[in-house]
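All heavy atoms count here, side chains included; hydrogens, waters and symmetry mates do not. A note on names: the letters A, B, ... follow the listed sequences, proteins ahead of strands, and every chain is numbered from 1.
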Protein chains: 4
Amino acid sequence: MTDQSVIKRNRRPAARPAEILTAALDLFAEKGFSATRMEDVARRAGLSKGAVYLYFTDKTALLTAIVETTIANELKEVGARASLAPGPVAPVITEAARHISRRLTETRLPEILKLIIAESGAHPELASLYFDHAISVALPLFEGLIRRGVATGEFRPVEPAYTARSLAGGFIFSALWRSVFEPIGKPALDIPAFAEHHITLILKGLAP
Amino acid sequence: MTDQSVIKRNRRPAARPAEILTAALDLFAEKGFSATRMEDVARRAGLSKGAVYLYFTDKTALLTAIVETTIANELKEVGARASLAPGPVAPVITEAARHISRRLTETRLPEILKLIIAESGAHPELASLYFDHAISVALPLFEGLIRRGVATGEFRPVEPAYTARSLAGGFIFSALWRSVFEPIGKPALDIPAFAEHHITLILKGLAP
Amino acid sequence: MTDQSVIKRNRRPAARPAEILTAALDLFAEKGFSATRMEDVARRAGLSKGAVYLYFTDKTALLTAIVETTIANELKEVGARASLAPGPVAPVITEAARHISRRLTETRLPEILKLIIAESGAHPELASLYFDHAISVALPLFEGLIRRGVATGEFRPVEPAYTARSLAGGFIFSALWRSVFEPIGKPALDIPAFAEHHITLILKGLAP
Amino acid sequence: MTDQSVIKRNRRPAARPAEILTAALDLFAEKGFSATRMEDVARRAGLSKGAVYLYFTDKTALLTAIVETTIANELKEVGARASLAPGPVAPVITEAARHISRRLTETRLPEILKLIIAESGAHPELASLYFDHAISVALPLFEGLIRRGVATGEFRPVEPAYTARSLAGGFIFSALWRSVFEPIGKPALDIPAFAEHHITLILKGLAP
DNA sequence: CATGAATGAGGTTTCATTCAT
DNA sequence: AATGAATGAAACCTCATTCAT
């Protein structure tokens, strides 16, 4: 029945690009972009060197595609969320932050963030892309919520922009812990538990 | 008589290694480790290609030296600090955090952190080194202070390890904002101001 | 009913080889043999990459076939011509030369000559083939006529071999002008007019 | 004394570019541009693969340099020649034509012409360069002389442009015979003898 | 017959490192 | 100590050719 998965090296065009990107991300995250050879990517995707070039023009195209896919997903998720619902903002902030925390655990976001950081020098477009489509969307979202909380007296008067960054810091910390330190054998971080603690800490810090 | 100023920067062998490392860090931070050519480093340090090899065995040795120097400074600073002084810990935490904030502004720590992150795949020893000598020193230091605060009732009961990480997150955030986003033209972050805000927010969050 | 025009250029297997060769010559002449990709040839012939290999074993086979076809036509034309008719040879020379001139205008001979020249290093067989079947047929033909003219006193005593080459030079010049310089935008040469002038010049030069 | 020529692989910077170009031309002429591997060029120049790139940025740069050098020499030679001396032009034409003939024998012009023709598709700039700096200089020179001869009655009324091309044809013929057919084992052409014959034939053809 | 995905040899180019001077 | 010419391994990418469908 599943004999198709046994077949060695034939026709499965539709799945190829995603398979290649997964292989590429595995390796980029593991050894870095430039230490990864195209042939390694191909091999890990179960293809020959040349085949990768049937789907991506360039080694750089792999990187770009990884980041663009991530951004696309990011937006898809965040899009619905804006949450202009009236009432206290704390639960909204909590929920949004939990969502990010979940994405850190359930997706490869930590590795992708590491990759974007790592390549920001050689490939500034990527960092720019991520900034424009993810960071400059997420931070203002939190800023807006906090501002509202301050306005309604739910929070003490704080600088929303800085507060949003304090919140974000926890997630950056989590992402890098996972993608940088865990792979080299340092103790794992329980991201959901830390996230809960972090959210609570920040919200308590906002109490009037 | 003014020969020392005439010969300008020609013969001061003792300063060479540091000059080379500065040049290397400039370039590594700007374009990434592997996109930086040894010749560029040499040129920027005012030397010929071959001369760099008189001081460093390897391209990797440059990276290692940069990180090791940073760690050495880190330790030198932090070492004296342990601060087992009795009394409330909040001021101690504040001071320690301000110190880190200052280092982020006054040294090239942001770039070095980016570099360590970027190369953690290809050069795990570096990340390990930094972890062992900086992170696994600094985090426990904060954890200890927080634990004491909890014990004395100065703080509400929190998980010190997580709290220390929330604090650290702000600094990671600052470092990466500076080293990743500012170089690509995104708005600058006022690190000291953010640090003050961040410290206050966390400490308020710890209030019993 | 109009199915033959509807299906346009789809199924006419018999014509395929010629279509492929035309496509190949177009491209070889335009960008050179090695810069031409088999896929381009296929595309231009309205076929898939693999289909070309149903008709030709090799990329080189395309080249060979082009040259062999040309030679075959050359011979077919020249064959009948030998013209051992008695009487003055000038008109015979004129007619033969005009014939070549016509072939330069009406066939793709200029491009094929360029191709043979271009590939004479990598594919000496082709140049050899062309030499043996075209050049070493045509030159002796002119030499014979000139020799006869000299023998009968119609021409002054000249070296027939050299004279034939002077005549041939005009045609080589025409062919290369057309295939090398006109495609890069240099002024066109009126080959028939030049041929007339050239023939006259040479024949006048032969006057006793 | 000449021990320096025995030395294997050391410092001879000044001569290198010329050595490399000679090696390149040897191989380009022998096997064609694209069939020549950079490593072959290097090896023949007595260098390693990488060393060639210390002197030329590109494989194409070799080609360009060869053609540009040729053009420079061409111009240097022709420059002085303009020959506006009064009196019969036939001796001037003869001398100029002999000069070209000599260059065909004494320099590598035949091979370079073959190369330009061969690469005119892939590297039209080269053909253009040669056209603009050599052909469109030489042809008008002959045209002018012939026009003068016609004006003075030294020649019969002819079309100078065509006549110049008839003259040029002999040299193109010689060049290609030498570079295309002789290398594949066809009988050698005595270029000086043919040139004399050709010049005489053309001049006789111009007699009033 | 026809397709076009897949292969992999082969070539260009880069650059860390060496070493004669 | 310093130089910079030279080396050659390594990696990207192309494309002729094959072959399952």
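OP1 or OP2 of E:dA2 has at least one side-chain nitrogen or oxygen of C:Arg16 nearer than 4.0 Å.
The side-chain hydrogen bond (donor to acceptor under 3.5 Å, both in side chains) test applied to B:Ser128 returns A:Lys186, not counting sequence neighbours.
In terms of position on DNA chain E, the residue among C:Val52 and D:Ala51 whose nearest nucleotide sits closer to the 5' end is C:Val52. Residue-to-nucleotide proximity on DNA chain E shows that, of D:Asp58 and C:Ser48, the 5′-proximal contact is made by C:Ser48.
Nearest heavy-atom pair, A:Tyr55 versus A:Pro17, reported as atom, atom and distance to 0.1 Å: CD2-CG, 3.9 Å.
With hydrogens and angles ignored, the 3.5 Å screen pairs a side-chain donor or acceptor of B:Thr36 with a backbone N or O of B:Leu27.
Atom pair C:Ile20:CD1 and E:dT3:C1' shows a separation of 14 Å (rounding to whole Å applied). Straight-line distance from the CZ atom of B:Phe56 to the P atom of E:dT18: 16 Å, rounded to whole Å. In this structure, B:Lys59 atom NZ and F:dA10 atom P are separated by 16 Å, rounded to whole Å.
Residues C:Leu25 and C:Leu115 have side chains in contact (heavy-atom distance under 4.5 Å, counting atoms from C-beta outward). Looking only at side-chain heavy atoms (C-beta outward), B:Leu129 and B:Ile116 stay at 4.5 Å or farther from each other. Counting heavy atoms from C-beta on, the side chains of D:Leu62 and D:Met38 come closer than 4.5 Å.
Of the listed nucleotides (E:dC1, F:dA2, E:dT3), E:dC1 has the atom at the smallest distance from the side chain of C:Tyr55. Distance from the side chain of D:Tyr53 is smallest for E:dT12 among the nucleotides F:dA1, F:dC12, E:dT12.
A heavy atom closer than 4.0 Å to some atom of DNA chain F occurs in C:Thr36, C:Arg37, C:Met38, these being the qualifying members of residues 30-43 of chain C.
In DNA chain E, runs of at least 3 consecutive Watson-Crick or G-U pairs, each pair with both distances below 3.5 Å, span E:2-21 with F:2-21.
Counting any heavy atom pair closer than 4.0 Å across all strands shown, B:Lys49 reaches a base atom.
Pairs of residues two or more places apart, or lying in two chains, that qualify as ring pair (Phe, Tyr, Trp, His ring centres under 6.0 Å) and include a residue from residues 15-36 of chain C are C:Phe28-C:Phe33, C:Phe33-C:His123. Residue pairs meeting the salt bridge (Lys or Arg N to Asp or Glu O under 4.0 Å) criterion with at least one member in residues 110-122 of chain A, sequence neighbours excluded: A:Arg108-A:Glu111.
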Mind listing the side-chain donor-acceptor pairs of residues 43-50 of chain B below 3.5 Å, one per line with the distance, residues two or more places apart or on another chain?
| residue | atom | partner | partner atom | Å |
| --- | --- | --- | --- | --- |
| B:Arg43 | NH2 | B:Glu39 | OE2 | 2.4 |
| B:Arg44 | NH1 | B:Asp26 | OD2 | 2.7 |

